[in-house]
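Quick note on labels: first sequence line is chain A, next is B, and so on, each numbered from 1. Nothing here was measured: the structure is a model prediction, and the numbers come from that model.
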Amino acid sequence: MDETPLEHERRAKALRLRAAGIEPFPWSWPGRVGSGEVRRRAEALAPGAIDPGPSVRVAGRLKALRTHGRTAFADLEDAEGPLQLLLRADEMGEVPYRGWLRDLDPGDILGAEGHPARSNRGEPSVLVAAVTLLAKAIAPPPEKFHGLKDPEERIRRRYLDLIASAESRQRFSARSRIVFEIRRALDEEGFQEVETPILTPVAGGASAEPFVTRSRYLDEELSLRISIELYLKRLLVGGFERVYEIGRCFRNEDGDTTHNPEFSLLELYWAYADYQDMRGLVERLYARLGRLAATLLPDHPEAQAAARDFVPPFPQIDFVEALEARMGRSGLLQTSPEALGRLAREAGARLPPEASPGRCLDKLFEHYVEPTLGRPTFVMDHPALTTPLAKRHRRLPGRVERFEMFYRGFELANAYTELNDPDEQELRFREQVGRGGEDRYAYDADFVAALRHGMPPATGIGIGIDRVVMALTGTPSIKEVILFPQTRRRGEPAP
RNA sequence: GGGCCCGUAGCUCAGCCCGGUAGAGCAGGCGGCUCUUAACCGCAAGGUCAGGGGUUCGAAUCCCCUCGGGCCCGCCA
């Protein structure tokens, strides 16, 4: 890559230091303490005072340097936050002080040793006795005040976004904590996490185009999974009773504000329980997550609202009743496919002529009911037409035992009482495959073979992790909750 | 896949409508300053105006194509 004049200057500084016997990329910085501890010690002091206790060693990225002749203020930042360094010629020695001011740049990784202190203006600081370069930044950081704004650069070079934006760092930390909390909650509920194949001979469990690759060893085509479902159900056949997996799934489709080609899915299966049991689990889980979000993001109105909103029990509405009420008509399930298509198109849905009645019903629900579901709401007992792979409802004809939980326009859970009759499963697979259209599921013969050995009655659920994070943190774009979203290849810097 | 918008210095942005020598701030260079925190003051420097083609005496500016990105729609039950 061509070196900019700026980078030339910075590299020259590194070379100058090395020539003077100072390694610009040293190996370690032992005895380091976090900025948080130093801040706390410094905050106990009066302005202008110096902590008389032992000196401390801190480290972090140099964010800004304000020089005033024989004194200078440096903003250091580590994972715990910012910390000011107070550099003075009389503390450090005239020659080292002048040398470091000449050879340091914003963006450098620094170590500093000195006593906690408070500036005359009261800023918690370290009065530096000695400074050490821990890694020279040859390339400059983003602009100090405006940060990195260009949305393309923020995604392609996420490290720069993270350097510049505490908010971005906080959001991704929140994501980690949310996922950890989900694991902890499920562990306490008695579920065990498993790992099932990502490279699979048949990408099943959902309707989506897979990414396809090839195994040279097997001399076979393999697909990256589009869901986790069919392997977890095999484990129910095998005798595991409460299993889940959180993992990446892949769909070979366009991205947008709510879709990325690779995304994280939680799927969970629970033997000897039904979808009503699952509803309780969802309430307990989201109540925890709402409280967590409020703790993690005390300044985020959306996160605070989540804690108030996710208080069980969440209201339940019946899919058909809610839709009919909103539409002001009845007998939807008895309506002809042609009429359903007409209604859906009247509601603004652009549907292909061959769209199934189930798809029309989904579109109608999307249009009439979903926008009204701002608070956590369970939508119960979908028409069988919309959901071929759930178990038929034990009481309501033409329905299946299914619920979705909606919040702020996001579908945050989709659960069934699972189909476990192998003959019916095979029939439905064959219907889907025969259709050959958009809604096709891949036929997984091995899965049907597994069901023939008996899968206990069970409930299962899928939760899109990325969307959970979006909903809890009030983030409008999936790209802001995925560290490295998919982007088109571009001329990358040469090594 | 369709529509609209964006791409100017390392970063944040003016300039584009209405064509006439490419501008500022930050960062960097040189000089000054012992309490700043978007520090400040002075001086000098920094550009493939995303790329290609066209119109024109003359294009960052107007037109076409390509690349990349964003938003909306479609698709993703």
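By the 4.5 Å heavy-atom criterion applied to side chains, A/Glu324 and A/Arg329 are not counted as neighbours.
Of the side-chain N and O atoms in A/Lys63, none sit less than 4.0 angstrom from OP1 or OP2 of B/A27. Dashed line: the shortest gap from a side-chain N or O of A/Thr257 to OP1 or OP2 of B/C72 is under 4.0 Å. Within the structure, a side-chain polar atom (N or O) of A/Lys149 is placed less than 4.0 Å from OP1 or OP2 of B/C13. Close to B/G69, at under 4.0 Å from its OP1 or OP2, lies a side-chain N or O of A/Arg156. OP1 or OP2 of B/C26 has not a single side-chain nitrogen or oxygen of A/Arg66 nearer than 4.0 Å. Residue A/Arg359 places at least one side-chain N or O under 4.0 Å from the OP1 or OP2 atom of B/C76.
Atom CZ of A/Arg57 sits in a crowded spot, with more than 12 heavy atoms from other residues, nucleotides or ligands closer than 6.0 Å.
Under a 4.0 Å N-O distance rule, the pair A/Arg359/A/Asp362 does not qualify as a salt bridge. Here A/Glu94 pairs with A/Arg70 in a salt bridge; the nearest charged N to carboxylate O distance falls below 4.0 Å.
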**Report entry** A/Tyr244 vs A/Tyr269, ring-ring contact (aromatic ring centres under 6.0 Å, His included): CA-CA, chis, key distance, verdict
**Finding:** CA-CA 6 Å; A/Tyr244 76 97; A/Tyr269 292 86; over 10 Å; no
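Rounded to a whole angstrom, the distance from the P atom of B/G54 to that of B/C41 is 48 Å. Nucleotides B/C16 and B/U55 have their P atoms positioned 25 Å apart, rounded to a whole Å. With both ends at atom P, the span from B/G23 to B/C49 equals 14 Å, rounded to whole Å. Spacing between B/U21 and B/A60 at atom C1', rounded to whole Å, works out to 13 Å. With both ends at atom C1', the span from B/U8 to B/G25 equals 15 Å, rounded to whole Å. When the P atom is compared between B/C4 and B/C76, the two are found 24 Å apart, to the nearest whole Å. B/U66 sits 23 Å from B/C72 when the C1' atoms are compared, rounded to a whole Å. B/A24 sits 34 Å from B/G68 when the P atoms are compared, rounded to a whole Å.
The listed nucleotides are B/C35, B/U12, B/C76; the one nearest the side chain of A/His259 is B/C76. Here the nucleotide nearest the side chain of A/Lys363, chosen from B/C71, B/A27, B/C75, is B/C75. Residue A/Ile155 places its side chain closer to B/G70 than to any other of B/G70, B/G32, B/U37. Of all nucleotides listed (B/U37, B/A27, B/C75), B/U37 comes nearest to the side chain of A/Asp75. Residue A/Leu6 has its side chain nearest to B/G28 when only B/G28, B/C13, B/G69 are considered. Taking only side-chain atoms of A/Asp256, from C-beta outward, the nucleotide of B/U34, B/A27, B/G74 with the closest atom is B/G74. Comparing B/C71, B/U37, B/U12 by their nearest atom to the side chain of A/Gln84 picks out B/U37. Closest contact between the side chain of A/His146 and the listed nucleotides B/G69, B/A38, B/G74 involves B/A38. Considering only side-chain atoms of A/Glu143, the nucleotide from B/C26, B/G74, B/C33 that sits closest is B/C26. Taking every side-chain heavy atom of A/Ser477 into account, B/C71 is the closest of B/C76, B/G28, B/C71.
A/Lys479 comes within contact range of the sugar-phosphate backbone alone, with a heavy-atom separation under 4.0 Å but no base atom that close. The residue A/Asp90 sits close to a base: some heavy atom pair falls under 4.0 Å. If you check every strand for non-hydrogen atoms under 4.0 Å, A/Glu9 touches sugar and phosphate atoms only. Contact annotation for A/Pro5: no contact, since no heavy-atom pair falls under 4.0 Å across all strands. Using a 4.0 Å heavy-atom distance criterion, A/Gly147 is classed as a sugar-phosphate-only contact.
In this structure, A/Leu148 places its CG atom 14 Å from C1' of B/C26, rounding to the nearest Å. Distance A/Glu152 CD to B/U8 C1': 15 Å, rounded to the nearest Å. A straight line from CG of A/Asp161 to P of B/C11 spans 14 Å, rounded to a whole angstrom. Atom pair A/Glu153:CD and B/C13:C1' shows a separation of 16 Å (rounding to whole Å applied). Between the C1' atom of B/A27 and the CD atom of A/Glu7 lies a distance of 12 Å, rounded to the nearest Å. The distance between atom CG of A/Leu76 and atom P of B/U37, rounded to the nearest whole Å, is 19 Å. Computed from coordinates, the A/Asn252 CG to B/C75 C1' distance equals 13 Å when rounded to whole Å.
Residues A/Tyr275 and A/Tyr416 keep their aromatic ring centres 6.0 Å or farther apart. Less than 6.0 angstrom separates the ring centroid of A/Phe73 from the ring centroid of A/His68.
If you find the closest nucleotide of RNA chain B to A/Ala64 and to A/Thr386, the one lying nearer the 5' end belongs to A/Ala64. Nearest-nucleotide mapping onto RNA chain B: of A/Arg102 and A/Leu86, the residue sitting toward the 5' end is A/Arg102.
Screening A/Val128, A/Val131, A/Leu110, A/Leu65 for a side-chain contact (heavy atoms from CB on, under 4.5 Å) with A/Trp100, the sole residue that qualifies is A/Val131.
Pairing of B/C49, defined by two Watson-Crick or G-U wobble distances under 3.5 Å, is not identified with any nucleotide. Pairing for B/G1 goes to B/C73, judged as Watson-Crick or G-U wobble with the two contacts each under 3.5 Å. Look at B/C43: its Watson-Crick or wobble partner, with both distances under 3.5 angstrom, is B/G29. In this structure, B/C67 forms a base pair with B/G7, meeting either the Watson-Crick or the G-U wobble geometry with both donor-acceptor distances under 3.5 Å.
With rounding to the nearest 0.5 angstrom, the CG atom of A/Leu87 is 6.5 Å from the CG atom of A/Leu101.
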